[in-house]
*Asks:* 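Provided herewith is a single structure, encoded as structure tokens, for subsequent inquiry.
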Amino acid sequence: MLEVTDLSIDLFTARAALRPVDGVSYGVAQGETLAIVGESGSGKTVLNFAPLGLMPTGVVADLHGSIVFDGTQLVGMSERALRKIRGSAIGTIFQDPMSALNPALKIGRQVAEVSEMHLGLSARQAEERALDLLKLVGMSDPASRLQQYPHELSGGLRQRAMIAISIAAEPKLLIADEPTTALDVTVQAQIIALLKDLQRRLHMAVVLITHDMGVVASIASRVAVMYAGRIAEYGPVDRVLIEPQHPYTKGLIAALPSEDDEPGSMFRGLPGAPPILGAPLDGCAFAPRCPLSIDRCTTDRPAFVTRSDGAVVVSCHVVNSRNPKEVIYA
Ligand SMILES: Nc1ncnc2c1ncn2[C@@H]1O[C@H](COP(=O)(O)OP(=O)(O)O)[C@@H](O)[C@H]1O
Ligand SMILES: [Mg+2]
């Protein structure tokens, strides 16, 4: 459904030029959930939303590489064509539903609008469908929710409304960017359960951006671990979480907080900080923090070659030289 190959993204703002995504490759099959994990600032949001033309105004994104979605190349596509795909074939969910909902429109109208616009339904049909969608996303008392404004709903209900909007046009791919980060823990679990259920019922491909390994384990079949704009490790969730190979992934998993830690403290175990993303780096971006680093790591960039057999791919000179048979090298 989605095949991303050697994608780099340069961002230009009035103040700076940077490359937050640098040579990333992955794929998502129909009906599959891929989790993308990584520290804040590792490029997850830019990777997923710049190609859809969803960057803030004043930011120019320059894409290199290839993104084939359902047979269509997205790199180089016109803004008009992208707009058509967004909200129809590709649904999007953001961390803060308030930023995506229109505060001045009733929930029912906002959900109905998508079906009118993308499925060509009449206002009346779309309203019926909006009611069905609110039921589908598990809203209590859906008929009266249709008549409410976003500010009248709790955070969890707003996120459910956002999800109803994102699936209204029956997307083939749903991209959810930290959809539960802003919610309380119990509501988080409900929203993840909802996404899982919808994914199965609607047979969508899902890309879920998260920094919660618990969420990765519960919903995704594959995971891409990002570090400083690159993928450090990529493969089936049960292998990557249980037997991480890249030193960064190992550090992440070893540093997982216990139940009583503060939320968001999962990266506390790794000394040092990620590099500032300016010009593309020589060598491995993780080398300065890496316990295994050798000379070559600061001069040569480790290869990252995806494999069709679904094996784990690790972008690391040291790991790959130890397991030459495990990983195909460019
Ligand atoms: N609108 C923007 N303007 C300038 N820089 C940005 C913008 N959005 C993201 N960046 C930069 O791109 C990098 C990656 O950001 P982002 O994709 O938001 O990371 P993540 O989603 O993994 O937290 C960061 O260095 C961030 O500062
Ligand atoms: Mg982000």
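Computed from a predicted model, the values in this text were never measured in an experiment. We count ligands from 1, going down the list as the structure has it; atoms in each ligand are counted the same way.
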*Asks:* Mind jotting down which protein residues get a heavy-atom contact under 4.0 Å with ligand 1? Chain and number order, please.
*Replies:*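 For ligand 1, the contacting residues are L11, T13, L18, P20, E39, S40, G41, S42, G43, K44, T45, V46, M55, P56, V59, L277.
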*Asks:* Counting only heavy atoms not in E152, do more than 12 fall under 6.0 Å of its CD?
*Replies:*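 Yes, the 6.0 Å shell around CD holds more than 12 heavy atoms from other groups.
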*Asks:* Could you label the plane-to-plane angle of the Y227 and F286 rings as parallel, tilted or perpendicular, counting under 30° as parallel and over 60° as perpendicular?
*Replies:*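 Answer is perpendicular, since the angle exceeds 60°.
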*Asks:* May I ask you to list the protein N, O or S atoms found at less than 2.8 Å from the Mg ion (ligand 2)?
*Replies:*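 Those protein N, O or S atoms (cut-off: under 2.8 Å from the Mg ion (ligand 2)) are T45 OG1.
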*Asks:* For D141, is the CG atom crowded, meaning more than 12 foreign heavy atoms sit under 6.0 Å from it?
*Replies:*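 Enclosed: over 12 neighbouring heavy atoms sit under 6.0 Å from CG of D141.
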*Asks:* side-chain contact (heavy atoms from CB on, under 4.5 Å) with A193: which residues, sequence neighbours excluded?
*Replies:*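 By the side-chain contact (heavy atoms from CB on, under 4.5 Å) rule, A193 matches no residue at all.
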*Asks:* Is it the case that S140 and R145 place a side-chain donor and acceptor less than 3.5 Å from each other?
*Replies:*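 The criterion, which ignores hydrogens and geometry beyond distance, is satisfied for R145 and S140.
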*Asks:* Enumerate the side chain to side chain donor-acceptor pair (under 3.5 Å) contacts for residues 54-64, please, sequence neighbours excluded, ordered by first and then second residue.
*Replies:*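 Every side chain to side chain donor-acceptor pair (under 3.5 Å) pair that includes a residue of residues 54-64, provided the two are not neighbours, is D10-H64.
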*Asks:* How are the rings of Y248 and H246 set to each other: parallel, tilted or perpendicular (split at 30° and 60°)?
*Replies:*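 Rings of Y248 and H246: perpendicular, as their planes differ by over 60°.
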*Asks:* Give me the one residue out of R109, Q125, R129 that meets side chain to side chain donor-acceptor pair (under 3.5 Å) with E116.
*Replies:*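 That would be R109; it is the only one of R109, Q125, R129 passing the side chain to side chain donor-acceptor pair (under 3.5 Å) with E116.
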*Asks:* Is the count of non-hydrogen atoms from other residues, nucleotides or ligands lying under 6.0 Å from E127 atom CD greater than 12?
*Replies:*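 Result for CD/E127: open.
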